[in-house]
Q: 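The structure follows.
What's counted below: heavy atoms across the whole structure, side chains too, no hydrogens, waters or symmetry copies.
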Amino acid sequence: MAAHPRAVAAPCKIFSYLSALIAKSCLGMATNITFHPGSVASEERAQLLQQRGITIWFTGLSASGKSTIACALEQHLLHLHKFTYRLDGDNIRFGLNKDLGFDEKSRNENIRRIGEVSKLFADACCITLTAFISPYRTDRAVARELHEKAGLAFIEVFVDAPLHVVEQRDPKGLYKKARGGEIKDFTGISAPYEAPENPEIHIKTDECDVKEAVARITEYLSQKGFI
């Protein structure tokens with residue numbers, strides 16, 4: 001069954017709300033606020049939309065294949081009539097997080113915001129795909145904890161490719177620039193990447209293609225009852 005039109009419009013509304021919220025936070029942390037719960041229970045929303053929300057968190061080096069797999073998976077799930085939305089550098093760094101740089105503090109805040117956004121999407125019963133390097137285990141653990149405390153599923157997908165392979169791919173020429181000193185704090189070259197220790201799914205993109213990766217993730221979602 002196709003997702004309800006109102007559900008499909010949810011991402012735009014969530015982005016608008018979060019952009020305003022973060023803009024206000026730049027002026028100082030709000031203290032005189034009280035949380036007001038809505039009138040729609042999670043169970044009611046899931047029943048009406050006929051799916052449960054989940055965040056699928058893709059992590060890996062630049063050029064490992066995160067966004068490529070996430071794009072293909074998004075299309076595949078939508079063709080299965082599942083309410084799905086992808087978050088990546090193109091729709092986050094150019095909007096919600098355009099005020100952040102690439103130093104460690106900014107990277108931490110970048111992932112914190114993405115964790116909060118993906119949690120809201122998952123709460124709206126969306127199958128949320130996040131494709132970010134997210135290099136630090138602590139930050140990814142915080143994102144997972146946000147979901148678990150809210151009773152939402154979180155699946156970490158390690159998109160794994162050796163450094164020499166991603167440097168050969170280098171579609172945007174970023175590794176070459178990093179090696180030449182033109183880009184500072186570049187993950188894998190001048191900044192660390194902490195690989196997941198126990199990801200739910202581990203995909204080695206130097207050993208499988210996009211179609212196989214999508215099939216493996218889809219099979220996992222089916223086995224766990226998400227689709």
Q: Between Glu109 and Lys105, is there a salt bridge with N-O shorter than 4.0 Å?
A: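 No, no charged N to carboxylate O under 4.0 Å.
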Q: Could you walk me through whether Glu74 and Leu78 pass the side chain to side chain contact (heavy atoms under 4.5 Å, CB included) test, one step at a time?
A: CA-CA 6 Å; Glu74 179 183 33; Leu78 284 171; 4.0 Å; yes
Q: If the plane angle is over 60° it's perpendicular, under 30° parallel, otherwise tilted; pick one for Tyr85 and Phe121.
A: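 The rings of Tyr85 and Phe121 sit tilted, inter-plane angle from 30° to 60°.
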Q: Do Asp88 and Arg86 meet the salt-bridge criterion of a basic N to acidic O distance under 4.0 Å?
A: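 Asp88 and Arg86: salt-bridged.
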Q: Ignoring hydrogens and geometry, is there a side-chain-to-backbone donor-acceptor pair from Asn97 to Leu100 under 3.5 Å?
A: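 Flag not set: sc Asn97 to bb Leu100 has no pair under 3.5 Å.
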Q: Are side-chain heavy atoms of Tyr193 and Leu163 found at a separation under 4.5 Å?
A: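 Of all side-chain heavy-atom pairs linking Leu163 with Tyr193, none is under 4.5 Å.
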Q: Taking atom types as modelled, is there a side-chain donor on Ser64 or Thr205 under 3.5 Å from an acceptor on the other?
A: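 Checked: Ser64/Thr205 side chains show no N/O donor-acceptor pair below 3.5 Å.
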Q: Could you please spell out the steps behind the salt bridge (charged side-chain N to carboxylate O under 4.0 Å, His left out) verdict for Arg113 and Asp99?
A: CA-CA 12 Å; Arg113 293 182 191 179; Asp99 60 319; 2.9 Å; yes
Q: Given side chain to side chain contact (heavy atoms under 4.5 Å, CB included), test Gln47 with Glu43 step by step and report yes or no.
A: CA-CA 6 Å; Gln47 183 177 9; Glu43 295 78 9; over 6 Å; no
Q: Measure the shortest side-chain to side-chain distance between Thr59 and Glu156 over non-hydrogen atoms and say whether it is less than 4.5 angstrom.
A: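 A side-chain contact under 4.5 Å exists here.
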Q: What I'd like to find out is whether the side chain of Leu61 reaches to under 4.5 Å of the side chain of Tyr175, using heavy atoms alone.
A: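 Yes, their side chains come closer than 4.5 Å.
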Q: Run the salt-bridge test on Arg140 and Glu197 with the 4.0 Å N-O cut-off and return the result as yes or no.
A: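 Result for this pair is no, no salt bridge flagged.
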Q: Are the side chain of Arg137 and the backbone of Ala195 linked by a donor-acceptor contact shorter than 3.5 Å?
A: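 Checking the backbone N and O of Ala195 against the side chain of Arg137, a donor-acceptor pair under 3.5 Å is found.
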Q: For the residue pair Ser190 and Lys184, what are the closest heavy atoms and their distance?
A: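 Shortest heavy-atom separation between Ser190 and Lys184 comes out as OG-C, 3.9 Å.
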Q: I'd like to know if Arg216 pairs up with Glu212 as an ion pair, taking the criterion as any Lys NZ or Arg NE/NH1/NH2 lying under 4.0 Å from an Asp or Glu carboxylate oxygen.
A: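 Here Arg216 does not pair with Glu212 in a salt bridge, since their nearest N and O are not under 4.0 Å apart.
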Q: Just by modelled atom types, is the Val159 backbone N or O under 3.5 Å from a matching donor or acceptor in the Lys66 side chain?
A: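 Looks like no, no N/O pair under 3.5 Å.
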Q: Decide ring pair (Phe, Tyr, Trp, His ring centres under 6.0 Å) for Phe102 and Phe186; before the verdict, give the C-alpha distance in whole Å, the side-chain angles of both, and the deciding distance to 0.1 Å.
A: CA-CA 8 Å; Phe102 288 91; Phe186 190 81; 8.9 Å; no
Q: Roughly how far, to the nearest 0.5 Å, is CG of Leu152 from CG of Leu120?
A: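 Reported value, rounded in 0.5 Å steps: 9.5 Å.
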Q: Could you measure the distance from the CD atom of Gln50 to the NE2 atom of His81? Nearest 0.5 Å is fine.
A: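 The CD atom of Gln50 sits 12.0 Å away from the NE2 atom of His81.
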Q: Using a 4.5 Å cut-off on heavy atoms from C-beta on, say whether the side chain of Ile114 contacts that of Trp57.
A: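 Yes, close enough: below the 4.5 Å cut-off.
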Q: Contact between Phe58 and Ile69 at the side-chain level, heavy atoms closer than 4.5 Å - yes or no?
A: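 Sidechains of Ile69 and Phe58: in contact.
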Q: Please list all pairs passing the ring pair (Phe, Tyr, Trp, His ring centres under 6.0 Å) test where one or both residues lie in residues 207-227, with sequence neighbours left out.
A: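 Qualifying pairs: none.
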Q: Is there a side chain to side chain contact (heavy atoms under 4.5 Å, CB included) between Asn110 and Ile92 once you walk through the steps?
A: CA-CA 9 Å; Asn110 181 54; Ile92 292 292; 4.2 Å; yes
Q: Do any N or O atoms from the side chain of Asp170 and from the backbone of Leu174 form a donor-acceptor pair under 3.5 angstrom?
A: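 Yes; judged by distance alone, with no hydrogens or angles, the pair exists.
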Q: Is there a side-chain contact between Leu129 and Leu87 (heavy atoms, below 4.5 Å)?
A: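 Answer no - side chains too far apart.
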Q: Pair Arg179, Glu167 - check salt bridge (charged side-chain N to carboxylate O under 4.0 Å, His left out), show working.
A: CA-CA 10 Å; Arg179 289 291 189 188; Glu167 284 201 71; 2.7 Å; yes
Q: Can a donor-acceptor pair be found between the side chains of Thr55 and Arg144 at a distance below 3.5 Å?
A: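 No, Arg144 and Thr55 have no side-chain donor paired with an acceptor closer than 3.5 Å.
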Q: Taking ring pair (Phe, Tyr, Trp, His ring centres under 6.0 Å) as the definition, give me every residue that meets it alongside His147, ordered by chain and number, with sequence neighbours left out.
A: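 Checked His147 against ring pair (Phe, Tyr, Trp, His ring centres under 6.0 Å); matches are Phe154.
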Q: Give the C-alpha distance, both sets of side-chain angles, the deciding distance and a yes or no for side chain to side chain contact (heavy atoms under 4.5 Å, CB included) between Val157 and Glu200.
A: CA-CA 6 Å; Val157 179; Glu200 280 77 8; over 6 Å; no
Q: Distance to the ring centre below 6.0 angstrom and angle to the axis at most 45 degrees; does that hold for Arg93 and Phe132?
A: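 No; the conditions do not both hold, so Arg93 does not lie above the ring face of Phe132.
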Q: Of all residues at least two apart in sequence or in a different chain, which pass the salt bridge (charged side-chain N to carboxylate O under 4.0 Å, His left out) check with Glu104?
A: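 In terms of salt bridge (charged side-chain N to carboxylate O under 4.0 Å, His left out), with neighbours along the sequence ignored, Glu104 is linked to no residue.
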Q: Measuring from atom CD1 of Ile111 to atom OG of Ser118, what distance do you get when rounded to the nearest 0.5 angstrom?
A: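 Going from CD1 on Ile111 over to OG on Ser118, the span is 9.5 Å.
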Q: Quick one: does Glu194's side chain have a donor or acceptor within less than 3.5 Å of a partner on Tyr136's backbone?
A: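 Checking the backbone N and O of Tyr136 against the side chain of Glu194, no donor-acceptor pair under 3.5 Å is found.
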Q: Taking the side chain as C-beta and beyond, is there a heavy-atom pair between Ile189 and Ile183 under 4.5 Å?
A: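 Not in contact.
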Q: So Leu221 and Leu77, do their side chains get closer than 4.5 Å, heavy atoms only?
A: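 Yes, side chains in contact.
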